[in-house]
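Scroll down for the structure; my scribbles are underneath it.
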Amino acid sequence: MAPPGEPPAAPGYALRPVRRWREGRFAGGQDCIVEEVPVALLYNGEPYAVMMATPRDLEDFARGFSLSEAVIAHAGELAAIQVQPRLEGIELQLSIPPARAQALAARQRGIAGRSGCGICGARLLEDVVRQPARVGAAPAIAAPVLHAALARLGEGQALNAATGAAHAAAWVHVDGHIALLREDVGRHNALDKLIGAMATRGENPGAGFVLLTSRASFEMVQKAATAGIAYVAAISAPTALAIQVADAAGVTLVGFARGDSHIVYAQAPHGRVAPVEGAS
């Protein structure tokens with residue numbers, strides 16, 4: 001079920017025949033299987049990346065990927081998005097200013113990305129561990145707000161409910177309202193789709209936090225920080241490099257956010273994830 005005000009997304013799954021073993025015998029039936037297809041991103045006609053992704057919310061994906069990978073500085077620089085189905089997959093034809101295209105060519109980066117990998121094909125170390133600029137002040141989020149949002153997270157995960165194989169990234173306002181949620185077979189793709197949707201909606205990245213149904217790898221923190229998001233909470237663990245990137249970028253990073261508990265791994269000077277002692 002989509003958050004209020006959100007249009008229903010394309011299914012993102014296919015029906016396939018299966019044989020289920022239950023109560024000591026097989027029974028025929030159908031199952032919902034998450035889709036995973038090659039999605040090529042071309043900027044001004046030049047191939048840049050091929051990612052394995054779920055074919056839904058692709059305009060959000062194009063916009064969010066372009067922002068989180070610093071291909072463009074703001075959403076207005078993405079002049080056009082054309083989604084073109086091909087026999088082998090889907091092409092996203094994207095138009096950006098000539099100066100951005102020249103800078104992109106100079107980076108000489110070609111990604112052939114699996115759904116679970118955000119750096120496949122990177123040619124230079126600086127392309128991988130790209131340090132984003134410091135973000136603005138992280139919002140103060142009380143622990144009850146964080147955990148109430150976590151408890152409601154599954155309500156918007158229609159694709160995962162159908163398939164059991166999709167990650168989600170959600171944008172939550174400081175009052176705990178889940179304003180946007182995007183899903184994909186790949187956790188990086190889900191976050192890119194969310195970032196793109198936030199840009200389309202004009203959401204202020206400093207006025208809320210991101211919830212991730214995955215571990216917090218450094219790429220996830222890097223993408224969030226590049227988009228100006230100062231607070232990231234994940235249901236699983238972060239990596240050591242993710243904590244390093246968060247510290248350097250001023251991102252509050254929370255992991256193992258489950259039930260009524262969480263662990264703070266990096267904390268921005270103006271951010272907190274629980275009331276301080278003695279506070280009301």
Side-chain angles (χ1 to χ4, degrees), residues 1-12 53-54 56-68 74-76 78 81 135-162 166-184 186-214 216 220-221 223-235 246 250-255 257-258 262 268 270-274:
M1 174 177 182
E6 282 291 287
T54 302
R56 57 187 276 173
D57 302 313
L58 289 179
E59 291 195 6
D60 287 339
F61 177 55
R63 189 171 289 108
F65 180 93
S66 300
L67 288 165
S68 73
H74 57 83
L78 194 55
I81 302 172
V135 298
I141 307 298
V145 171
L146 170 62
H147 294 288
L150 280 164
R152 294 192 300 271
L153 189 59
E155 297 173 8
Q157 294 179 251
L159 182 60
N160 190 61
H167 284 295
W171 176 243
V172 188
H173 291 165
V174 292
D175 62 359
H177 169 64
I178 298 177
L180 290 165
L181 185 145
R182 292 293 182 267
E183 293 181 278
D184 195 277
R187 55 197 170 88
H188 305 92
N189 302 338
L191 180 56
D192 279 334
K193 288 178 178 180
L194 178 67
I195 290 169
M198 289 173 60
T200 299
R201 281 264 296 261
E203 293 281 346
N204 175 6
F209 59 100
V210 163
L211 285 181
L212 304 173
T213 63
S214 66
M220 303 292 275
V221 176
K223 284 177 176 290
T226 301
I229 296 167
Y231 189 119
V232 176
I235 66 171
V251 172
T252 294
L253 179 60
V254 172
R258 305 173 183 179
H262 60 263
H270 300 288
R272 59 183 174 86
V273 293

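All values below were derived from every heavy atom in this structure, side-chain atoms included, with hydrogens, water molecules and symmetry-related copies excluded.
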Please answer whether the main-chain N or O of Ile235 pairs with a side-chain N or O of Arg258 as donor and acceptor at a distance below 3.5 Å.
yes
Can you tell me how far apart CG (Leu78) and CD (Glu59) are? Round to the nearest 0.5 Å.
9.5 Å
Between OG1 on residue Thr252 and OH on residue Tyr231, distance to nearest 0.5 Å
7.0 Å
Could you tell me whether the side chain of Phe61 reaches within less than 4.5 Å of the side chain of Asn189, counting heavy atoms only?
yes
What's the shortest heavy-atom distance between Ser214 and Ala234, and which atoms?
O-CB, 3.3 Å
Closest heavy-atom pair and its distance - Arg63, Ala75
CD-CB, 4.2 Å
Do you know the tightest heavy-atom contact between Ser66 and Ala62?
OG-O, 2.7 Å
Between atom CE of Met220 and atom CG of Leu191, what is the distance when rounded to the nearest 0.5 Å?
4.5 Å
Closest approach of Leu159 and Gly12, non-hydrogen atoms and distance?
CD1-O, 3.7 Å
Excluding sequence neighbours, so at least two apart, what forms side-chain contact (heavy atoms from CB on, under 4.5 Å) with Val232?
Leu212, Ala224, Ile229, Val251, Leu253
Ala166 and Gln157: which non-hydrogen atoms are nearest, and at how many Å?
O-NE2, 4.4 Å
Give a yes or no answer on whether the side chain of His173 reaches the backbone of Asp175 with a donor-acceptor pair at less than 3.5 Å.
no
Could you list the residues that satisfy side-chain hydrogen bond (donor to acceptor under 3.5 Å, both in side chains) with Thr226, not counting sequence neighbours?
Arg130
Can you measure from CD1 (Ile195) to CZ (Phe65) and round to the nearest 0.5 angstrom?
11.0 Å
Only distances under 3.5 Å count here; give the side-chain donor-acceptor pairs of residues 136-150 to other protein atoms, sequence neighbours excluded, each with its distance to 0.1 Å.
from	atom 1	to	atom 2	distance (Å)
His147	ND1	Gly259	O	2.9
His147	NE2	His262	ND1	2.8

With rounding to the nearest 0.5 Å, note down the distance linking NE2 in His167 to CG in Asp184.
9.5 Å
Using the side-chain hydrogen bond (donor to acceptor under 3.5 Å, both in side chains) criterion, which residues pair with Thr54? Sequence neighbours excluded.
none
Looking at Glu183 and Ala168, would you say the former's side chain and the latter's main chain have a donor-acceptor pair under 3.5 Å?
no
Distance col, row Thr213:OG1 vs Asn160:CG, nearest 0.5 angstrom, shows 7.0 Å
Pick from Arg201, Arg182, Lys193: which one makes a salt bridge (charged side-chain N to carboxylate O under 4.0 Å, His left out) with Asp60?
Arg182
Nearest heavy atoms of Gly156 and Leu181, plus distance in Å
O-CD2, 3.3 Å
